[in-house]
Structure formats: C-alpha cells, structure tokens
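Chain naming here is simple, since letters A, B, ... match the order of the sequence lines and numbering starts at 1 in each.
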Amino acid sequence: MIQKKVALRASLGSAALCALSVMTTGAASAEDAPKHGGTAIIHMASEQRALNPALRASTGVYNITGKIMEPLIDKSYDGYEPVLATEWSTSDDGKHITVKLREGVKWHDGEPFTCADVSFSAMELWKKLLNYSSTLQQNLDSVDCTDDFTAVFNYSKPMPLSLFVAAMPDLGHPVAKHLYEGTDILKNPYNTAPVGTGPFKFVEYERGQYVMAERNPDYWRGEEFPYLDRIVWRFIRDKSAAAAALESGEVHESGFNGVSMSDIERLSKDERFEVGTMGYENNVAHSTVEFNHRNPIMADLKVRQAMYHGLDIDYAIKTIMRGFAKPGRGPVPSAGGANYTDQVTTYDYDPELAMKMLDEAGYPVKDDGFRFHLRHRPAPWGEYTQLWGEYYAQAMREIGIDVEILTNDAPGFLNGVYRDYDFDTANGWHQFRSDPAVSTMVWLRSGAPAGTPWSNQFGWQSDEMDTMIDEAQAELDPEKRAADYHAIQAKSMDEIPVIFAIEHPFISVTSTKLKNHHNTPRWNSSSWYDLWLDE
Amino acid sequence: MTLHLPPILTYALRRLVQAVPVIVLIMIGTFLLLKLAPGDTVDALVGDMGGADAAYIARLRTEYGLDQPVWVQLWLYMVKLVQFDFGWSFVYEESVATILLERLGTTLMLMATSLSIAFTVGCFLGAFAARRAYSLTDNVISTVGLVFYATPSFFLSLMMILLFSVQLGWLPVGGIKTVAGFYTGWDHVVDVARHLIMPTAALSLIYLSFYLRLMRASVLEVADLDFVRTARAKGAGETRLMVHHIMRNALLPVITLLGMQFSTVLGGSVVVETIFSLPGLGQLAYQSVIQRDMNMLMGIIFLCAIIVVVVNFLTDLLYARLDSRIELA
C-alpha cells in the first residue's frame, strides 16, 4: 500500500511475532545522530482526565503518563526489559516473588525512589483500586522490603512469575508514597498532576485543550536522555480536524486510529507521513461476534458454526480494515507469544454450507424469506466496530437470518449487552493485555458478577472451561502454561461461545519528522526517552 | 404598607418570580430525562477505559452516589442547587462550578463576537437588499445568504480548515491558543484572536443569513406602511426615513430573533467548538452527554436557562425602549 513499507518480523521472547501490515520505524533516518530539543505534539481523540496509571488501567492514560511515570518492567521487541525493577525471581512454591529495584532513581520532586513506594503502591493502589489489577493481585498478602531496593511480593496462592511479569508493563506503575500516604487516594491532586520518575516531568493540564510535559534533566538513564524538550498531547475529538492538524503540521502523531480510515489511506500515500500498525502488538484487539446463549437458537452450536461459515472474514479485513488485520483464532491473538497457537478448528467462508447447516439445525427459510430474526447491538467503539456490525448483519441476511441493528452509545451498549442481556447478538472489540489471564479469559470464564462489562455475560457456562482457565492461571511452568492456553484456544474455537473473528492492531499516522518512533510493542504507552524530532 | 417601586423594578421582580418555577421545572425535567437514558457515568467511564472488573465498578457507583434511588439523587441535587452548589464532576474530578467558569469565557467570547457580527452585518445587508428589492444586488445578497443558511456548520467549518489551514497555512486548525507557544501580553491576545477567526466566521456566516432574510422582509413590510408614506410626504430625506422611521420599526422582529438565538448559539457552538477543539460550554455539553456526567450537564443547563431568562428580560426592555406603544406591565 505504501512504497516505504518495510516488512518486519519481530521476535518476542521465544516466539516469532509477525507484524501484520507494517511500516517503518523511521529506522533509515534513525541512523543519523539523534538531535536534542523540540516539542513533539501528539493527537489524542479523547480526553483522559485521570492521569494516574496506578488508579486507571487504560491505554489512553498510559499514552500520556507513560512518559512521566514508569512501570517496574516494560516490554520491548526483545522481551521484557527492566525499568524501575532490575531483576525478578520467584520461590519454588511460587508464593514469593522477589523484585530488585533500581538504585539512584529520583521522583520528579527530588525524593528518592525506594521499596517503600513499591510496597505502598502495590498494597494500597494495585490491589485495592486499580481496575484489572485488583483481580490479578487478589491473593497478594503483603510486600516486604528486605532493604530499600528489594521488594518481596507475598501471595497466599502461587502466582506464576510469567503472569506477574507480563502484567507489570500495564499494571505495575508505582506512585510516590510520600505524596499519597495519609491522603484520600482517589481525590489526591497528583492524580491529575502526576509526579513520576520518567524522562518527562508534568507541566500543566489545560482541560479540554492539552497536557504538557517537559524534559527531566535528572533522568536516571543519563544526561543524554530524553532527546525532546517537551511533549504536548492535544485533545482533538473531530477526526477530520485531526487529519487537518496532521497535514498542516500542527500535530506530529495520531495513534489508535485517531483519524478516519479514508484519511489513513490517503495519508499513507503522502510522503510526509508514515502509516502503519507497528508498535501496537501489545494492544491487539479482537473484533467479535457475541451471542446471547439465553436465546435457544443462539445456544445451538450448529447455528453458531453455520453463522461463522457465513462470515467472509477476508472480505471484511480487506474492505473495513483496509488490510490492517488478520483472522482471529480464538481468545489469544498471534501477539500472545508462546501462549498462542494456530492449531485450532477454523470456519472457512462457505454460505452454501452455512445454509445447509441451518436447514439441518431445524431452521429452514420461512414465508417471510428468513429463518429467524435477531436483534443485534454493535458497540460504538469507532469506525471498525460500527462497520463490522453492519457487515455482519448483511452477511447474515445472505444466509437467511434477518438481523435488526440497534444503535446505541457506550453506556447504552454496555447496559444492553452486559447488564440487561437485551440482545441476541452483539459485536465489539476486546483488547488483549500481554497475558490471557489478565485479559481475554474473562470472556469465557463464568462467574463474573452480573453487569460486568467485557466479561462472560453471555449465558454460556462450561465447568470444563472454568477449570482449564483456573489451572492455566495458576500453572507455574511456562511450557505447561502455554499448552493449557493452546487447549483453551482450541476448545473455544470448537464451541464458539464468542466468535473472535478478527484480530487487529491499531493504526497510527506519524510525521516523518519524528524519529525512533513505534519501536516497542506498546510504543504509545512507553516512555519515549529515545524519541527525537528532526526539525 | 405598600412598597412603591419604580415600574421597571416591579417588572423585573415579577419576571424574576416567574422565572423560578420555570428553572426548577427545567432542572427536574432534565434530571429525569437524563436518568431515562440507558447507562450512567460509571458505564461511560469504563467504556472509555476499555474495561474494569466488577468490584471496581461497584466501588465507583457507591462513591458517586449512583447506588441511591433516582428520587433521592434528585432531592439531594436540588437541595444543593438551592445553595448554588453545582456538585462534583466525577468525570473531570473537579467541582462543576470551577469547570463551568473556565469554559464560560470562551463560549461567551465566541457567542458575543459571532452574534454581534451576524446581527450588525445581517441587518445592514438585509436593509440594503430591501431598498433595492428584486434588483441584481438584492438577488446576489439573498442567494448568497440562502447558501450559508443551508450549509451545515460542520461542513462550513471543515471547508474553512481545509482552505485556510491545510492549503494556505494562514490560520491554526483549532484550539484556543498555540500550545507551547508561551506568548504573553499583546502577542497572546493576537494568538487567541487568530485561533478565533475561523470559528467566529463559521458561526457568524450561518447566523448572519437569518438576520439578513428577516431584516429584508421586515424592511419591505414597514416601508409600505402609512406612516412612512406620511413621513416621505412631509419631506423627510431617504436616509432619515430609513434610519428613524423604517429601521426602528423593522428591527423589532429582528431583536426578538436575537434574543431567541442567544440560546441556539450555545447549541450551535457544540458543533463549531468540537471541530475547532475550543474549550467552551458547547464542547463540554457534548462530552457531558456522552460521559453521562449528570452534575456537569445539569450545571450547563442551569447556566443556559439563566442566560435565556436574562436575555429574554433584556429583549423585553429593549422592545419598550424602541417602540413606545409597548409598556412594561
């Protein structure tokens, strides 16, 4: 699609990871000596008001705070890399994880970073207040500081080290104990004016306009870093206006599909920009079709299989996602490393077969021209999901299933599907977060309280699957753990409680003036200490 | 003892007393309407975050008081409102009053400038066209007015951005000031003005057409009335005739429209503020609906209701001033 496109194959731990449709990282120009100075201006399509990643796990939050606050461990294309932690190990019983912390690191207010900060953050924020993390850390009893730079995480049940490590880039940001202890943590003013250890220091947050951060001259990686003087995140909600801001040079990067697909396609042919999906491997999401199994028709496996055969996934990838995606193979995406397998049952596009299967399942075409009628809720998560929902409805009509689309906004969708169960089918997307245990397994595990969004509220329950998920989560041996997830993936592709139809990373448009960009699998969330501007 | 107040004050007091039930009804109605919409601010919040677990969601609901019955929530809100306490925005983690004050300036600046331009230029062009009714000039003015009248504001705004920012590079795409520009003093004023040119122009052009069309029709109507003929027969010059006799009377319906539009301009600015990323009330209102930010939205509606009531009052006063046949009673 673009001339400058470079095929990239990045390895992630032991598993090779194929970047989907790919772009350059500005690698050619990165051979030039990096320049110091300049202000990088980044487009944000929605405004993140809370700026504390230890309270709100969300890529939108990391996008800004990732430069100001650092996690213990981050993820690079070579695997997990030490940031505020330098080493990690576990006891034989898997109940005690020892983390060595980096010495000589200072918070932006000059106080030293020590184990007390980690212990406080883990017990008071990660375990109690942080979404996703409160489930992950539910068995965390205490964090002992054997010295200022050694933290021991004590669990009441075994915690696989690989799960702990995989969770840290997103769910392992310490806050400064001296700024939070004894305060109402949720109302603490530093939640919107973060103080961290990162390469950039928070300057100001002008609500409705922008957030600004400036160079931290005392950054622990040394005087060389960071290269930029300043980063500004500008809130521009209108996608067309954002594209115009890129073109007029007012903005250097727009990530997470911040401009429309037609503009992405247009700008990909413009020499001033690099367009692609690199740097999002850790933020891969599945476009889904979700069934309400309380409806007896949807509970019929043969019907679900037939519906899967009725979907032309390749066509959808080509037209809706403009080729920036690939077919899903169950709850673990190909970016899932060792835990991913493609050795699963697949359902090729075959409308004839689909119709035959529906006939056999006892749903022949009736007088009105349809076999049955479904009420479908598409999630309002932007262009992909809306169009995927429309395509789904159209494809189903072709095999004789009438699908009525119920349009709703975000709260309406979440309530309609996950709380009121007022749907037959729905489509949305669910983001993978490094490890299946902290992300996609909630789609299959039963027992989530009613009303929990992005969880199994589909009325599908399998004791066998529940046991498999629990065992995989607690398995300490990485190889056995991977095998467990392969089995879960295979079972989910056989029984199709949810169709994980398409896996797609996000797409960014980046000015060629920015160098060293998109060089980690969670780039927008990373610290950008090595990003520089050629102006 | 009867209190003898000047008629204007009695009138003002009576209008004030009338306004109270109106505003209370507006607030209750808005509250209930918002509650009818599916989902609350916690749903919107976790929607934004891309997910959260059940305990987290339950904790937020308790913290925000959303676990209480609707009537209790409404009662608690109204009790606070009477004390002019607009409450806390859980979306912005800030008091509603603080944010409203932050945003009011931008919107008022945008509204006041756009309406003044639209009103003045619209009236002038309308009167000008009416005096040359059915001529080529009139046709050109009326047609151009009609085109802007029919153009959606988002389209006009985007086309202006394409032309003046992307193609010509004269004006900034959006925002209220140059980020990391660090301008002070006069430079800051110029910088803000540059950012307001396109949004103001977009709003003005659309509203201008209303005034133009109404003024043209009104002038044509008044110009045929007896008193104009009498004045002309008495030898009044065309300028005097236009300014003192025709315009003064023709302005009445136009001023009614001005009063009415004050509220719609707030609504119109939702689109323009969103496209130009201006931190005003319109953009805030749009965000608040999507976020189900109850307190914020109620605060905005309250503010708008007050503005509309006050503007209506002022319009009536102006009416009485322009047309001595109208009395304040």
Stepwise side chain to side chain contact (heavy atoms under 4.5 Å, CB included) check, B/Trp88 with A/Lys187 = CA-CA 11 Å; B/Trp88 185 263; A/Lys187 295 257 165 83; 3.8 Å; yes
inquiry  = Can you tell me which portion of B/Val91 sits under 4.5 Å from chain A's heavy atoms? Options are side chain, backbone, both or neither.
reply    = both
ask   = For B/Phe154, is it the side chain, the backbone, both or neither that has a heavy atom under 4.5 Å from a heavy atom of chain A?
value = neither
request  = Supply the atom-to-atom distance A/Leu129 CG to B/Leu60 CG, rounded to the nearest 0.5 angstrom.
outcome  = 9.5 Å
query = Listed by chain and number, what are the ring-ring contact (aromatic ring centres under 6.0 Å, His included) partners of B/Phe302, not counting sequence neighbours?
reply = B/Phe86
key: Pairwise distance OH(A/Tyr418) to CG(B/Asp43) - rounded to 0.5 angstrom   = 12.0 Å
inquiry  = So for A/Ile236, is it side chain, backbone, both, or neither that comes closer than 4.5 Å to the heavy atoms of chain B?
reply    = both
request  = With the side chain counted from C-beta on, respond yes when A/Arg237 and B/Gln283 share a heavy-atom pair under 4.5 Å apart, and no when they do not.
outcome  = no
ask   = Just wondering, are more than 12 heavy atoms of other shown residues or ligands nearer than 6.0 Å to OH in A/Tyr421?
value = yes
ask   = How long is the gap from CD1 on B/Ile290 to CG on A/Asp409, to the nearest 0.5 Å?
value = 7.5 Å
task = Could you tell me which portion of A/Arg230 (side chain, backbone, both or neither) has an atom closer than 4.5 angstrom to a non-hydrogen atom of chain B?
result = side chain
query = Taking C-beta and beyond as the side chain, do B/Arg59 and A/Lys128 meet within less than 4.5 Å on heavy atoms?
reply = no
request  = Enter the distance from A/Thr192:OG1 to B/Tyr92:OH here, rounded to the nearest 0.5 Å.
outcome  = 13.0 Å
note = Heavy-atom nearest pair, A/Gly208 first then B/Arg103, reads CA-NH2, 3.3 Å
task = Side-chain contact test, heavy atoms from C-beta onward, threshold under 4.5 Å: evaluate it for A/Glu206 versus B/Glu102 and give yes or no.
result = no
task = Sort out for me which of A/Asn408, A/Asp238, A/Asn415, A/Asn191 touches chain B most, counting heavy-atom pairs under 4.5 Å.
result = A/Asn415
request  = Against chain B, label A/Tyr210 side chain, backbone, both or neither, depending on which of its atoms sit under 4.5 Å from a heavy atom there.
outcome  = side chain
ask   = When only heavy atoms count and the cut-off is under 4.5 Å, which of residues 173-181 of chain B reach chain A?
value = B/Val173, B/Gly174, B/Gly175, B/Ile176, B/Lys177, B/Val179, B/Ala180
remark   = Interatomic distance, CD@A/Glu250 vs OG@B/Ser165, rounded to 0.5 Å, equals 6.5 Å
message = Which heavy atom of A/Ser240 sits nearest to which heavy atom of B/Leu158, and what is that distance?
response = CB-CD2, 3.6 Å
inquiry  = Counting heavy-atom pairs under 4.5 Å with chain A, which one of B/Val42, B/Ile99, B/Leu284, B/Leu278 comes out on top?
reply    = B/Ile99
request  = Taking salt bridge (Lys or Arg N to Asp or Glu O under 4.0 Å) as the test, write out the residues that go with A/Arg419, two or more places apart.
outcome  = none
request  = Could you look at B/Gln167 and say if it's the side chain, the backbone, both or neither that has a heavy atom under 4.5 Å from chain A?
outcome  = neither
A/Gln209 vs B/Thr106, side chain to side chain contact (heavy atoms under 4.5 Å, CB included): CA-CA, chis, key distance, verdict = CA-CA 12 Å; A/Gln209 299 181 63; B/Thr106 309; over 6 Å; no
request  = Report, by ascending residue number, the residues of residues 30-37 of chain B in heavy-atom contact with chain A at a distance under 4.5 Å; give 'none' if the set is empty.
outcome  = none
ask   = Roughly how far apart are B/Phe182 CZ and A/Thr39 OG1, rounded to 0.5 Å?
value = 6.5 Å
ask   = Which answer fits B/Ile275, side chain, backbone, both or neither, if we ask what part of it has an atom under 4.5 Å from a heavy atom of chain A?
value = both
